A.B. asks: 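Quick one: this structure, given as C-alpha cells, is what I'll be asking you about.
Side chains are part of it too, since the values below use all heavy atoms of this structure and drop only hydrogens, waters and symmetry mates. The structure displayed is predicted, hence computed values, not measured ones. All chains are named by letter (A, B, ...) in the order of the sequence lines, taking the proteins before the strands, and each is independently numbered beginning at 1.
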Protein chains: 2
Amino acid sequence: MSDISTKPDNSHTIAELIRSQLNRFSPAEIKIVNHLLANYPMAGMVSITELSENCGVSTPTVMRTLKKIGYSSFTTFQKELKDELQQTLSDPITKHDKWAADAPESHVLNRVADTVTTNLRHSLNQVSHEQFDAIIDLLAEQDKALHIVGGRITSAFARYMNTHLEVIRENVYIFPEAVALWPHHLLKIKPNDVLIVFDVRRYEQDLITISRLANARGAKIILFTDQWLSPIASEAIHTLPIRIEGKSGWDSGVVTLFFAEAIVVALEEKLWTQTAERMRELEDMFDLTERFKKRIE
Amino acid sequence: MSDISTKPDNSHTIAELIRSQLNRFSPAEIKIVNHLLANYPMAGMVSITELSENCGVSTPTVMRTLKKIGYSSFTTFQKELKDELQQTLSDPITKHDKWAADAPESHVLNRVADTVTTNLRHSLNQVSHEQFDAIIDLLAEQDKALHIVGGRITSAFARYMNTHLEVIRENVYIFPEAVALWPHHLLKIKPNDVLIVFDVRRYEQDLITISRLANARGAKIILFTDQWLSPIASEAIHTLPIRIEGKSGWDSGVVTLFFAEAIVVALEEKLWTQTAERMRELEDMFDLTERFKKRIE
DNA sequence: TTTTTTATGTAATGTACATTACAAACCTAT
DNA sequence: ATAGGTTTGTAATGTACATTACATAAAAAA
C-alpha cells in the first residue's frame, strides 16, 4: 500500500510512468489509470471530484492510486501534468531543442536565438490577422501617399521597408534623416495619406511631435512599437505591439523587422500583377546602369 | 451560456475572441489579456489567484476582464478553455498550427514566420561557434578601426549595426550612402582595419570592387552573405552564409539582422565595463538634448 | 466458519478558491 | 479646485475542493 517513495522516475512522461506499473493495480485503480491513459492528458486536468465521477470510483480511491503511482497528492500530480502539457505545447514555432541539443544553451548565439523566437511567438499572439489584413488593405490604396519614418535605432527598419515598398507600389516616401527637415516633409502629407511610424523605447519626442502634426493633417498612422506602447499609440489607427525585450537587458529589433517584412510580403502578394511589372522595369534599369558603368570603366 | 456582455462569438478560439477586442481594455486588463495570449493557452489553466499574481493584478480585476470578454465567470472561462484544449489535443494533425501560430497555415504571417524560423535554424547550423567567437574577438580590438558597408537592401542592416556598435566601442565608421563617395572613404582604411560587408544577391558590383580595394589595403573583411556566397567571400577572412530564401520567392532579411544583432550582443557582453561607461555618457547626452521622453514602464 | 488482509466508500474537516460588496485611488472635465 | 466617472484593490463570504479519518465490504487465509 504505502509505497509513496517508489517512483521509478526514469520515465519522461506521466503516461509512461503509469504504464510501467500497470500490473500493480486493483480493479478500481485500473478503472482510474485506464481512464487517465485513454483520455491523456486532459482527463487529469479536472478536479479530483470530477475525475472520480468520470471513473466511477470515490475520491479517496483516486488519491490512493496517485500515491501508489508516485505522487504525494492529487495537487502535485496535476501540477506535474500541467507542466508536461505546457512543455508539449510551448512553441510549435521554435522547435527549440533542435539546436539546443547540439550546442550549450549558454552560447550567445543560442541565447539570442531563444530570445528572438520567444519574442516572435509572443508578438504573433498579440497581432490579430484581421488587424494585419486591415493594414495591408490600407497600404494597397495607392492613390494615398505612404510616408515612413523611424527613430534613432528604428530608422534602419524604416529604410528597409521603404526600399521594398518603393518597388511594390507608387507614392512611397521616407522621411529625411535630418530631423530638422521633418517639418518640411510634413507639408507633403495630405489628408488620408498613410504614415508608418517606428517608435520603440526610448520613445522619441520628435516622433511623437511629428505624429501629432501628421494626425492633425488627417494622416492615418500605422505604428510599430513595443509591448509598452509608445504614446503615439493614441494617435494611431493601427498599432503593432512587438515584443522587443530580451531578459538579458538588450532590446531586440529582429521581430520588428520581421513584421515589416511580413507587411512587404503580404502587400507584394496582394498587388502582385502590378509589382511584377514594376520589378521588371527595375531589372531593366539595373541592366542599363551596369552597362553604363562598364562603358566608363 | 447567458453571457453578461456582448460576446461576438463568431470566433473559433478564445484567443481570437480576445484579440478581436484588444482595444477595449484598460491598463490592468491589458496586462491580463497580454499574459493570456502570450502564454496561450496554459496561462489560463491555473487558479484565478495564481493567474492574477502572474499578471500583477488583483483577482477581481481578472474577473471583470473575463466578464468584459464575454464569460459569466472565471470557472466558465476556464471550462471553455479546457474544452478548446481538449478539442485541439484530440486532433493531432491540426495540433501545431492551432495556437501561437493559430489560424490557417496559409495566412501570410504564419508563412513568413515559418520561413524565417526555418532560415534561422539552417543558418545557425552553418555558423560554428568558434567562427562566431573569432569574429567577436576580432571586433573587440579597438585600436583597429571598424568600417561597415552594405548594398541596396542591406545598407539598412549596416546602419542598424553601426548605430549599435558605435555605442559599444570606438573607431566605428559606416560608409556614406552615395556610392560615389566610397573611394573617398576607402582612404580611411588602414592595414588590419576590419571591414564588415553585407552582400546578398543580387551581388553588387560596387561592393565587390570596394572589397577588393579594401583587401588590397590590408583590411580584414567580415562578410554577411547568403547561402550562395557573394564573390567577396574569396576576399573575406570570415564569411557568414545566411539562409535568406523563402520558398515563396522573396528573400528575407530577418535572419541577416539576427546575426548582426547577435554580434552586437556578444560584443557588448565582451566589452561590457567599457560599454556601460559609454552608455552612461550617451544617456547624459540624451538628457542634455532633451530629445527623449522618460522611460515608460 | 472465523480471522485477517485487502479494497473501497462515506462522511467529516480544513483549506484554497471564486465571487461579491465596498472603498480607495485615479483620471477627466468643468 | 471639485464633481463626475472610471479603474483598481481590499476585505469579506460562501462554495467547491483536496485531504484525512473512519467504516464497511469483499476476499483470502486460518
Side-chain angles (χ1 to χ4, degrees), chain A residues 1-6 14 21-36 42-83 228-229 231 233-235, chain B residues 1-6 14 18 21-36 42-83 294 296-297:
Chain A
M1 196 206 288
S2 61
D3 43 5
I4 294 172
S5 48
T6 49
I14 295 173
Q21 312 177 56
L22 273 184
N23 42 353
R24 302 179 57 214
F25 300 113
S26 68
E29 289 171 343
I30 287 176
K31 278 191 197 174
I32 296 169
V33 294
N34 276 350
H35 179 252
L36 281 178
M42 290 306 286
M45 299 297 290
V46 296
S47 74
I48 193 174
T49 317
E50 206 173 325
L51 177 57
S52 72
E53 282 167 5
N54 292 339
C55 301
V57 299
S58 67
T59 50
T61 303
V62 174
M63 285 243 62
R64 279 186 293 259
T65 309
L66 291 178
K67 284 188 176 159
K68 198 166 182 176
I69 292 171
Y71 297 96
S72 58
S73 69
F74 176 79
T75 315
T76 62
F77 159 76
Q78 198 171 57
K79 197 154 157 294
E80 293 213 15
L81 193 64
K82 225 176 269 183
D83 287 348
W228 303 286
L229 297 189
S234 55
E235 319 277 335
Chain B
M1 59 187 54
S2 75
D3 40 9
I4 293 180
S5 62
T6 48
I14 294 172
I18 296 175
Q21 314 178 54
L22 272 185
N23 42 354
R24 299 182 57 214
F25 300 112
S26 67
E29 289 171 344
I30 287 175
K31 279 191 196 171
I32 297 168
V33 295
N34 276 352
H35 179 252
L36 282 177
M42 291 307 283
M45 299 298 290
V46 296
S47 73
I48 192 173
T49 316
E50 206 172 323
L51 177 58
S52 71
E53 281 166 6
N54 292 340
C55 301
V57 299
S58 65
T59 49
T61 304
V62 175
M63 287 243 62
R64 279 185 294 261
T65 308
L66 292 179
K67 285 190 176 155
K68 200 165 178 177
I69 291 171
Y71 297 95
S72 57
S73 70
F74 176 80
T75 316
T76 61
F77 159 76
Q78 197 172 58
K79 201 155 157 294
E80 292 213 17
L81 193 66
K82 224 175 270 182
D83 287 349
K294 276 241 176 85
I296 308 172
E297 286 201 47

A.B. asks: For B:Thr75, enumerate each residue passing the side-chain contact (heavy atoms from CB on, under 4.5 Å) test, keeping only those at least two apart in sequence or located in another chain.
C.D. replies: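 Testing B:Thr75 for side-chain contact (heavy atoms from CB on, under 4.5 Å), a comparison that skips the adjacent residues, returns B:Ser73.
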A.B. asks: side-chain hydrogen bond (donor to acceptor under 3.5 Å, both in side chains) with A:Ser26: which residues, sequence neighbours excluded?
C.D. replies: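 Partners of A:Ser26 under the side-chain hydrogen bond (donor to acceptor under 3.5 Å, both in side chains) test: A:Glu29.
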A.B. asks: Looking at side-chain heavy atoms only, is the closest gap between A:Lys31 and A:Pro27 below 4.5 Å?
C.D. replies: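 They are not in side-chain contact.
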A.B. asks: List in chain and number order the residues that pass side-chain hydrogen bond (donor to acceptor under 3.5 Å, both in side chains) with A:Ser58, two or more places apart in sequence or in another chain; answer none if no residue qualifies.
C.D. replies: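 Once residues adjacent in sequence are excluded, the partners of A:Ser58 under the side-chain hydrogen bond (donor to acceptor under 3.5 Å, both in side chains) criterion are A:Thr61.
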A.B. asks: Checking B:Phe77 now: which residues fulfil ring pair (Phe, Tyr, Trp, His ring centres under 6.0 Å) with it, not counting sequence neighbours?
C.D. replies: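 For B:Phe77, the residues satisfying ring pair (Phe, Tyr, Trp, His ring centres under 6.0 Å) (neighbours in sequence not counted) are B:Tyr71.
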A.B. asks: Of B:Thr59 and B:Pro27, whose nearest nucleotide on DNA chain D comes first from the 5' end?
C.D. replies: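 Mapping each residue to its closest nucleotide by heavy atoms, the 5'-most match is B:Pro27.
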A.B. asks: Going 5' to 3' along DNA chain D, which nucleotides are the first and last within contact of chain A (any atom under 4.0 Å from a heavy atom)?
C.D. replies: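 Using the under 4.0 Å cut-off, the span is D:dC17 to D:dT20.
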A.B. asks: Give the rounded distance in Å between these two atoms: NZ of A:Lys31 and P of C:dA7.
C.D. replies: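 Taking NZ of A:Lys31 and P of C:dA7, I get 15 Å after rounding.
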A.B. asks: Please state how far atom CE in A:Met63 lies from atom P in C:dG9, giving the value in whole angstrom units.
C.D. replies: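 Atom-to-atom, A:Met63 to C:dG9, this comes out as 15 Å.
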A.B. asks: Once ring pair (Phe, Tyr, Trp, His ring centres under 6.0 Å) is applied, do any residues pair with A:Phe74, and if so which ones, sequence neighbours excluded?
C.D. replies: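 A:Phe74: no ring pair (Phe, Tyr, Trp, His ring centres under 6.0 Å) contacts found.
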A.B. asks: Would you classify B:Thr49 as touching base, sugar-phosphate or nothing, given that sugar-phosphate means primed atoms plus P, OP1 and OP2, and contacts are heavy atoms under 4.0 Å?
C.D. replies: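 Since only primed, P, OP1 and OP2 atoms lie under 4.0 Å of B:Thr49, the category is sugar-phosphate.
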A.B. asks: Figure out the CD1/P separation between A:Ile48 and C:dT8, and round it to whole Å.
C.D. replies: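 Roughly 15 Å, once rounded to whole Å.
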A.B. asks: C:dG9 C1' sits how many Å from A:Glu29 CD, rounded?
C.D. replies: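 One finds 14 Å between C1' of C:dG9 and CD of A:Glu29, rounded.
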A.B. asks: Which residue, B:Ser73 or B:Arg64, contacts DNA chain C at a nucleotide closer to its 5' end, judged by nearest heavy atom?
C.D. replies: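 Residue closer to the 5' terminus by nearest nucleotide: B:Ser73.
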